[in-house]
Amino acid sequence: MIPVLPHKQIESFLQQAVRAVLPGADVSAVLVRPCDPTFGDYQSNALMSVAKARKMNPRQLATDVVSKLEVSELCEKVEIAGAGFLNFRLKPEVLNATLQSAARGEHLFFGKTSQPRTFVVDFSSPNVAKPMHVGHIRSTGIGDSIQRILRLLGHQVVSDNHIGDWGTQFGKLLLGWKQILDRPALERDAIAELERLYKIINAECDATPSRLEEAKEELVKLQAGDLENMSIWQEMIRLSQVQFDTIYGRLGAKFDHALGESFYNPQLGGVVADLLSRGIARESEGAVGVFSDGSMPPKEDPFLVNRDGEWVADPALVRKSDGGFNYMTTDLATVDYRIKTWSPHEIVYVVDDRQSGHFKKLFLTFGRWQPVVTQRVKLVHVGFGKILGDDGKPFKTRSGDTVKLSDLLNEAEERAFQVVSEKSTELTEAQRREIARVIGLGAVKYADLLPNRQSDYIFNWDKMLAFSGNTAPYLQYAYARIKSIFRKAGDVSPQPSALSLSEPQELALAKHLLNFGLVLEAAAEDYRPNFICTYLYELAGHFTTFYENCPVLKPEAAEFKASRLQLCDLTARVLNQGLEVLGIEVVEQM
Ligand code: ARG
């Protein structure tokens, strides 16, 4: 069932009123949003743009609309403010009723969308034979959160891990495997061993042209389907996948598919031939590329770069001069496959901002290649910035190496264990380990989701593991604290009908709960899980203020106990659900 939340009802009445005044008007942008509590609970500023588009006086339009607006069962008198804002204040009984229906389990302040869409979400996408590094926490965490939010709102999601399992590096890896493989080391830590092979052979290839030739021969044999090379290559993928899956298991990230780049190999020749025959790509210096079509100002044109004040071609290469294909070719085949296979409304790529040029070229090239299809599918690059160390440079280990994701997660759990052991001496070691796992992983993920994703952020253990401030441990602690209230309260059976609010702190908390769905929708709309972080942090703040001012279990407040316990419970449920879509677990006790 789709719960009818008050702001949605107000919104739909408002849209009806606008249509009554302006028959045929497009009301899809007539929205109602939470506002500064000094003005009310919700506001709509939409009438101003509606009036502007029709050269009407916005205050007059607002007055006319309000005269047709029947919301007296939901709100106090509607106020027209400023140039034509409408302010709405909910009636207390409406607030109570909404909380009661939530307490009965009918909703949790959000509804499933009435217009489900299908999304393909491409995220994480590490490369085979290389360890996942700290940067992968970004794509994995943001992408997983986006898929969780979309699913929760009732959309269809196909998550696909576009693993880098093809490319020239396999020539070197095959040579290394055949000549210097250390089997026991491979069994201990396959990716470390593959990395070692690659480093040695790569250095040799740089120094000795004949070694490079040998590596190329291995690659050519692989590309030609040589059985031995194919089976070694498959073994490398399998071993890498085992390690990726271990990390995904720890992070709780799930994929519906992991169709690696190699999956598209059979299509690549056809893609290039098609682009050539349609005149979208052309040959240049033996290679094949897609060039600017001159339809954009040079500054915005990804197929041009400025060199010494002059705009020169920066084509999207789809075939190399040696006949090999490019990252771009695979991505073009991938878009085509995804659209044909899953008919998505959107394909979302959660990939580092350094690849934004690649995605601009990809989307434009695909648009030229399949103009009709492009009109019904939205292609989006959800980019993100870098993780920096204290020195403001990309985050590295002390010795200057990239930080391996598995090491980072181990350290997070270890550090959390120290913190938990200091705080909770009464718990057994096994309990403390489990709490530390949840807190440590939660802290790292949350710190990564909290900033605007396009900003770089500084990695700081102490800050992310602190129990105060906008951190996962703070929110997890808020949750556990509510659970401890219930443990102290003893056996209380739920009484949704007891819910009745009067104190300002109760009202503020309740109104914040009501906004959960709006925040989920906004996060989905902009692919920004950080909106949820901000919301949950504020929720925990409202809860603290409520708890400090409104006794829950004190004998002198017995008459409020049942109602306030319900409010505690709803807060815990929203905290839990909000953290869950961020991919963060909670514990009942800490
Ligand atoms: N494997 C690529 C890398 O590590 C990321 C792939 C992103 N997805 C895509 N469809 N291009 O840079």
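Both counts, for ligands and for their atoms, begin at 1 and track the order of listing.
By the side chain to side chain donor-acceptor pair (under 3.5 Å) test, Q355 is found to be paired with Y327, residues two or more places apart in sequence or in another chain being considered. Shown here are the side chain to side chain donor-acceptor pair (under 3.5 Å) partners of R415, two or more places apart in sequence or in another chain: E411.
Taking CG of N326 as the reference point, atom CG of D331 lies at 11.0 Å (rounded to 0.5 Å).
Here side chain to side chain donor-acceptor pair (under 3.5 Å) pairs that include residues 268-283, with residues two or more places apart or in two chains, are D274-R278, D274-W369.
The cationic group of R453 does not satisfy the cation-pi geometry with Y527, failing either the under 6.0 Å distance to the six-membered ring centre or the 45° limit from the ring axis.
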Between F244 and M132, does the side-chain contact (heavy atoms from CB on, under 4.5 Å) criterion hold? Intermediate values first, please. CA-CA 7 Å; F244 297 158; M132 284 176 79; 3.6 Å; yes
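For ligand 1, the protein residues within 4.0 angstrom (heavy atoms only) are D122, S125, N127, H162, Y327, D331, Y349, V351, Q355, F359.
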